[in-house]
Amino acid sequence: MSPLTYAEYLRMETLLSLQDPRTPPTSSRAVVLAEQFFIITHQSCELWLKQLGSDLDAAAEALVPPCDPHDLELGLEFLLRAGEVVRVLQQQILVLEKLPLRYFAAFRPSLGTASGAQSTQFRRLTTLLGNNDHQGTLYDAFAAAAEYHGQSVHDVCRLGVESGVLHRLAEALVDMGNGYWHWKMAHLALVSKMVGEGGGTGGSSGVDFLARRVTRPFPELRRLRGRMHHS
Ligand code: HEM
């Protein structure tokens with residue numbers, strides 16, 4: 001048997017065959033390349049969303065009681081990685097600001113009704129992270145872990161570093177939540193640059209719709225941390 005190669009291990013042939021611009025090959029090369037750029041950034045986002053979702057699932061599972069200190073450290077490790085991944089996702093949005101508008105306008109009709117709003121991987125994040133009014137499963141797992149170790153989330157926020165790994169978990173959650181928030185803001189700015197006041201391919205009003213959806217995960221944690229100013 002021949003030794004495993006880089007290309008085989010990473011299934012390179014399949015991977016590089018998945019970028020299939022719909023712009024007719026007879027169109028200008030610049031338009032075809034712009035659509036390839038659009039597809040690659042979206043596909044990269046979906047790959048990172050796969051990693052993010054798995055890491056957040058693993059973090060939540062590690063925190064569900066019974067959880068010993070080793071489980072808490074494991075949850076933290078997953079959460080810290082997820083925090084970095086969400087920043088990579090934001091960078092994917094920023095790079096797309098270099099999509100020339102005239103080429104985007106040329107290939108956009110071929111998107112039909114396809115829209116990022118249909119991303120099932122992204123939607124799953126809402127369940128994990130919650131929004132302004134809803135805590136999300138990750139926060140619920142963290143609160144249960146704190147309780148299992150004899151502390152409320154308020155105690156963890158009040159005690160700070162004295163809470164040890166529970167404090168580091170709380171900070172990692174807020175960092176993760178802010179990373180998600182930054183992603184939403186970056187996406188909003190990108191959409192404003194690319195479609196102005198126009199609607200989305202998914203049928204929404206565009207920027208106005210997205211601005212209403214810029215939510216802050218972990219509202220309870222933010223509220224309790226904010227109490228530091230009144231103690
Ligand atoms: C030129 C680039 C982009 C434009 C013009 C754009 C435009 C839009 C618009 C207008 C919406 C609202 C729904 C609609 O009516 O279609 C939307 C939603 C969304 N887009 Fe994008 N988008 C772009 C890039 C991306 C990228 C790279 C991703 C990464 C996966 C993405 C993911 C999403 C998600 C997840 C939503 C739903 C957001 C939410 O529910 O709050 N978009 N996009």
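One-based numbering, in listed order, for ligands and for the atoms of each.
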Give the contacting part of [X] toward ligand 1: side chain, backbone, both or neither, where contact means a heavy-atom distance below 4.0 Å.
| X | result |
| --- | --- |
| S204 | both |
| L89 | neither |
| L49 | neither |

Consider only side-chain N and O atoms of [X] and [Y], and report whether a donor and an acceptor are under 3.5 Å apart.
| X | Y | value |
| --- | --- | --- |
| Q92 | T41 | no |
| D140 | T137 | no |
| R222 | N178 | yes |
| S163 | Q151 | yes |

Show which atoms of ligand 1 fall inside a sub-4.0 Å distance from at least one heavy-atom site of [X].
| X | result |
| --- | --- |
| F122 | 35 (C) |
| I93 | 26 (C), 27 (C) |
| F38 | 1 (C), 2 (C) |
| K184 | 39 (C), 41 (O) |
| G202 | 14 (C), 15 (O), 16 (O) |
| G203 | 15 (O) |

- Query: Does M194 reach ligand 1, in the sense of a heavy atom lying below 4.0 Å from it?
  - Reply: yes

Please state which protein non-hydrogen atom is closest to [atom] and give its distance, to 0.1 Å?
| atom | result |
| --- | --- |
| atom 25 (C) of ligand 1 | H42 NE2, 3.2 Å |
| atom 39 (C) of ligand 1 | R213 NE, 3.2 Å |
| atom 30 (C) of ligand 1 | C45 CB, 3.5 Å |

- Task: Give a yes or no on whether F78 and L166 share a hydrophobic cluster (residues Ile, Leu, Val, Met, Phe, Trp, Tyr; joining criterion: side-chain heavy atoms under 4.5 Å apart).
- Result: no

Got a list of side-chain donor-acceptor pairs under 3.5 Å for residues 62-71, not counting sequence neighbours?
| from | atom 1 | to | atom 2 | distance (Å) |
| --- | --- | --- | --- | --- |
| D68 | OD1 | H70 | N | 3.1 |
| D68 | OD1 | D71 | N | 2.9 |
| D71 | OD2 | D68 | N | 3.0 |

- Query: Closer than 2.8 Å to atom 21 (Fe) of ligand 1, which protein N, O or S atoms?
  - Reply: H187 NE2

- Message: Heavy atom to atom 5 (C) of ligand 1, shortest distance: which of F37, F209, F104 holds it?
- Response: F104

- Can an N or O of T41 be found at a distance shorter than 3.5 Å from an N or O of ligand 1? no

- State whether the shortest distance between N or O atoms of W183 and N or O atoms of ligand 1 falls below 3.5 angstrom. no

- Query: Given the rule in the side chain to side chain contact (heavy atoms under 4.5 Å, CB included) test, do H134 and T215 qualify, once you have shown the distances and angles that lead to the verdict?
  - Reply: CA-CA 10 Å; H134 172 243; T215 50; over 6 Å; no

- Item | For D55, salt bridge (Lys or Arg N to Asp or Glu O under 4.0 Å) partners two or more places apart | R81

Would you mind writing out the side-chain donor-acceptor pairs for residues 189-205 within the sub-3.5 Å range, not counting sequence neighbours?
| from | atom 1 | to | atom 2 | distance (Å) |
| --- | --- | --- | --- | --- |
| K193 | NZ | E97 | O | 2.9 |
| T201 | OG1 | A114 | O | 2.6 |
| S204 | OG | G206 | N | 3.0 |
| S205 | OG | F209 | N | 3.3 |

- Message: For the backbone of W183 and the side chain of H187, can you confirm whether one donor and one acceptor N or O come within less than 3.5 Å of each other?
- Response: no

- Message: Quick check: do D20 and I39 have side-chain heavy atoms less than 4.5 Å from each other?
- Response: no

- Any side-chain heavy atom of R168 sitting closer than 4.5 Å to one from L72? no

- Query: Which pair of heavy atoms, one from C157 and one from R225, lies closest together, and at what distance?
  - Reply: SG-CG, 3.8 Å

- Other residues, nucleotides, ligands: >12 heavy atoms within 6.0 Å of Q90 CD: yes

